[in-house]
Amino acid sequence: MVDGVRLGITEFGSGGRLVILAPSLLLSRRMQEPWARELAERGFHVVCMNNVLAAKNGPADLDDYSAEAIGRRMVGLLDAIGGEIAVFGGTSLGANAALEAAVLDPNRTAGIIVEAPILDKSVVIIAPILTLAYELFTLGRPVLWFARRFAGMLPSNNLVTRLIWDFLSASRVEQAALVQGLMLGRIAPPRKLRRSIAVPALILSVNRDPFHVAADAEQLAEDLPDSQLHQVSSAWTLRSRVRAVSPAIVSFLNEAFAAPWVISRTIFTPNIGDSHLN
């Protein structure tokens, strides 16, 4: 169990230099696999986790779904896999969760990687999308059923198709709870708390992204005292052209894990593969 819930993960690599990644909003952990594989080849142990939990026997719990709750699960994942310290990272909602993890437990946070955060400007765009998604998950289930049948005819050899399958296969109850939890709960740490994050931060500002405003990434770079701002050409870059960004990420990680206080707390963690922690 991670923070009392059943959590799906996929691991790449092994060792003490642990990186925990959370995905965007309603997408699965699979979206982070391309750059997770690249980092594993460079000697890092990368764990990709889901935001949406596995289906339960009972009703979904809204308390499981906020950026703060997901950040708490990121820290809890450290205990579940036997780690002591990690770099937390993610995209969109996953980026906000990484910020929450750094706020929650800075002593176990070697650094954070934040791709396309949802802050003051982006939340105005995301809010109506959350409302539409909630209607879809509660009233539009027949549409999703037909969409799943159609998706079964799509080729399985590309990431987009597999992400669609994951989306359509996830628990509708849990997806609706995620959306509702974000509408009612905290979607990001308030600015006062963000300014208290002292660990190194790599902020990836994504260009040509209709849902995530670059000004949010720029504002976050001003808020965090030890941050680097790196431009990424599109939201698909880390999924299709990883090596356009990986040198900056690897350099950041090497520096983060080279800090003496981090070295003293780094321990080997084995790879347990693609699984649910339950």
Residues K121 and D216 bridged, charged N to O under 4.0 Å: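 No.
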Sidechain N-carboxylate O distance under 4.0 Å for R239, E33: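 A salt bridge is absent here (no side-chain N lies under 4.0 Å from a carboxylate O).
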Audit row: F257, F44, side-chain contact (heavy atoms from CB on, under 4.5 Å) steps and yes/no: CA-CA 10 Å; F257 284 109; F44 299 96; 3.9 Å; yes
Counting only N and O atoms by type, is there a donor-acceptor contact under 3.5 Å from the side chain of [X] to the main-chain atoms of [Y]?
{"X": "S169", "Y": "D166", "result": "no"}
{"X": "S227", "Y": "A221", "result": "yes"}
{"X": "T91", "Y": "G94", "result": "no"}
{"X": "R73", "Y": "D64", "result": "yes"}
{"X": "N50", "Y": "L53", "result": "no"}
{"X": "Y65", "Y": "I70", "result": "no"}
{"X": "S251", "Y": "A248", "result": "no"}
{"X": "N96", "Y": "I118", "result": "yes"}
{"X": "S24", "Y": "L27", "result": "no"}

For the atom pair [atom1] ([X]) and [atom2] ([Y]), what is the distance rounded to the nearest 0.5 Å?
{"X": "I81", "Y": "H45", "atom1": "CD1", "atom2": "NE2", "answer": "5.5 Å"}
{"X": "L21", "Y": "F88", "atom1": "CG", "atom2": "CZ", "answer": "11.0 Å"}
{"X": "I113", "Y": "L238", "atom1": "CD1", "atom2": "CG", "answer": "9.0 Å"}
{"X": "L39", "Y": "Q32", "atom1": "CG", "atom2": "CD", "answer": "10.0 Å"}
{"X": "L18", "Y": "T266", "atom1": "CG", "atom2": "OG1", "answer": "9.5 Å"}
{"X": "T237", "Y": "E115", "atom1": "OG1", "atom2": "CD", "answer": "8.0 Å"}

Residues L163, S28; criterion side-chain contact (heavy atoms from CB on, under 4.5 Å); working and verdict: CA-CA 7 Å; L163 286 171; S28 73; 3.7 Å; yes
Which atom of [X] lies closest to which atom of [Y], heavy atoms considered:
{"X": "R29", "Y": "P23", "result": "N-CG, 4.0 Å"}
{"X": "L25", "Y": "L178", "result": "O-CD2, 3.7 Å"}
{"X": "I197", "Y": "A102", "result": "CG2-CB, 4.0 Å"}
{"X": "S122", "Y": "P117", "result": "OG-O, 3.9 Å"}
{"X": "W261", "Y": "N107", "result": "CZ3-O, 3.5 Å"}
{"X": "R30", "Y": "P34", "result": "O-CD, 3.8 Å"}

Is there a side-chain contact between [X] and [Y] in this structure, where contact means two heavy atoms from C-beta onward sitting under 4.5 Å apart?
{"X": "L136", "Y": "L132", "value": "no"}
{"X": "R172", "Y": "L168", "value": "yes"}
{"X": "S233", "Y": "R208", "value": "yes"}
{"X": "S66", "Y": "E100", "value": "no"}
{"X": "Q231", "Y": "N207", "value": "yes"}
{"X": "V179", "Y": "L26", "value": "yes"}
{"X": "Q219", "Y": "D120", "value": "no"}
{"X": "R72", "Y": "V75", "value": "no"}

Partner set under ring-ring contact (aromatic ring centres under 6.0 Å, His included) for F167, not counting sequence neighbours: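 F167: ring-ring contact (aromatic ring centres under 6.0 Å, His included) contacts with F137.
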ILVMFWY network linking [X] to [Y], side-chain heavy atoms under 4.5 angstrom:
{"X": "L7", "Y": "V173", "result": "no"}
{"X": "L182", "Y": "M31", "result": "yes"}
{"X": "V242", "Y": "V47", "result": "no"}
{"X": "L184", "Y": "V124", "result": "no"}
{"X": "L204", "Y": "W236", "result": "no"}

Residues L224, I112; criterion side-chain contact (heavy atoms from CB on, under 4.5 Å); working and verdict: CA-CA 11 Å; L224 303 184; I112 53 175; 4.2 Å; yes
Intermediate values then yes/no, salt bridge (Lys or Arg N to Asp or Glu O under 4.0 Å), E38 and R241: CA-CA 11 Å; E38 176 72 13; R241 295 189 301 112; over 6 Å; no
R186 and L193: CA distance, side-chain angles, deciding distance, side-chain contact (heavy atoms from CB on, under 4.5 Å) verdict: CA-CA 13 Å; R186 192 158 99 178; L193 288 180; 3.8 Å; yes
Pairwise salt bridge (charged side-chain N to carboxylate O under 4.0 Å, His left out) hits with a residue in residues 77-90, at least two apart: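 Listed by first then second residue: D79-R108, E84-R265.
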Working for side chain to side chain donor-acceptor pair (under 3.5 Å), residues S205 and H230: CA-CA 6 Å; S205 177; H230 187 85; over 6 Å; no
